[in-house]
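What you see below is based on every heavy atom in this structure, not just the backbone, and it leaves out hydrogens, waters and symmetry mates. Naming convention: chains lettered A, B, ... in sequence-line order (proteins, then strands); numbering from 1 in each chain.
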Amino acid sequence: SQKIEQNSEALNIQEGKTATLTCNYTNYSPAYLQWYRQDPGRGPVFLLLIRENEKEKRKERLKVTFDTTLKQSLFHITASQPADSATYLCALDEMDSGYALNFGKGTSLLVTP
Amino acid sequence: KAGVTQTPRYLIKTRGQQVTLSCSPISGHRSVSWYQQTPGQGLQFLFEYFSETQRNKGNFPGRFSGRQFSNSRSEMNVSTLELGDSALYLCASSLRDRQFFGPGTRLTVL
């Protein structure tokens, strides 16, 4: 069966450190992978998209890697801040046309001062 | 531009009733997707509409249906509500592979 797995346990790190979140998938052939941030009571907010032919993508303090052989994506937040505390979701889309994102259940990140 | 709006924000219904949720996408976005979010199952894709046509569909029973109007606004309907339908229903409009989510409608079924 198809699965998208993210660290189920919350990740607690100190301000200034690098947070690394993992997304593993099985039985998918994604055209691309996306990362979203979700705060309590709000809809997810798009952060980064990486395509199957890309190895790494960066945006400000964020970095995503995508290894289609390992079927894994890593999401890094460098110089983390308390404002980065949220749940982070990875999502895959296999569709040739349109959108039908399959989401992991998310990893909760807590950055403490 | 205004973001994705969803109405109502909160809804309480009883088992067996039906409900209609509304979504207004960002101006210019023609694709609207619907998702159900529960603590146990996470975010699950319901369906996607583009130019008034359902383009993709998730694995939900026929009680869940939707439509899209010519102005890209979308509605989803759930008939014969069950307790397990209690969830946050999220709508997203799309542009170039990015999805922009609304704040969601929190549905509670008693």
Using every non-hydrogen atom in the two residues, find where [X] and [Y] come nearest and quote the distance to one decimal.
X: F46(A); Y: R98(B); value: CD2-NE, 3.1 Å
X: L101(A); Y: F45(B); value: O-CB, 3.6 Å
X: L90(B); Y: G43(A); value: CD2-CA, 3.8 Å

Quiz item: Do Y99(A) and R55(B) have side-chain heavy atoms sitting under 4.5 Å apart?
Solution: yes
According to a hydrophobic-cluster definition based on side-chain heavy atoms being under 4.5 Å apart (Ile, Leu, Val, Met, Phe, Trp, Tyr only), do [X] and [Y] belong together?
X: V32(B); Y: L88(B); result: no
X: Y89(B); Y: I26(B); result: no
X: L46(B); Y: Y49(B); result: yes
X: L48(A); Y: F103(A); result: no
X: Y32(A); Y: Y35(B); result: yes

Self-check item: Check: Q37(B)/Q38(A) side-chain N/O donor and acceptor closer than 3.5 Å
Solution: yes
Quiz item: In this structure, are over 12 heavy atoms from other groups packed under 6.0 Å from R15(B) atom CZ?
Solution: no
Self-check item: K3(A), NZ: over 12 other non-hydrogen atoms inside 6.0 angstrom
Solution: no
Under a 4.5 Å heavy-atom cut-off, does chain A meet the side chain of [X], its backbone, both or neither?
X: L43(B); answer: both
X: R30(B); answer: neither
X: F100(B); answer: neither

Quiz prompt | K105(A) (side chain) donor-acceptor with G40(B) (main chain) under 3.5 angstrom | solution = yes
Exercise. Heavy-atom pairs under 4.5 Å with chain A are the metric here; pick the option from S33(B), S94(B), P103(B), G104(B) that has the most.
Key: S94(B)
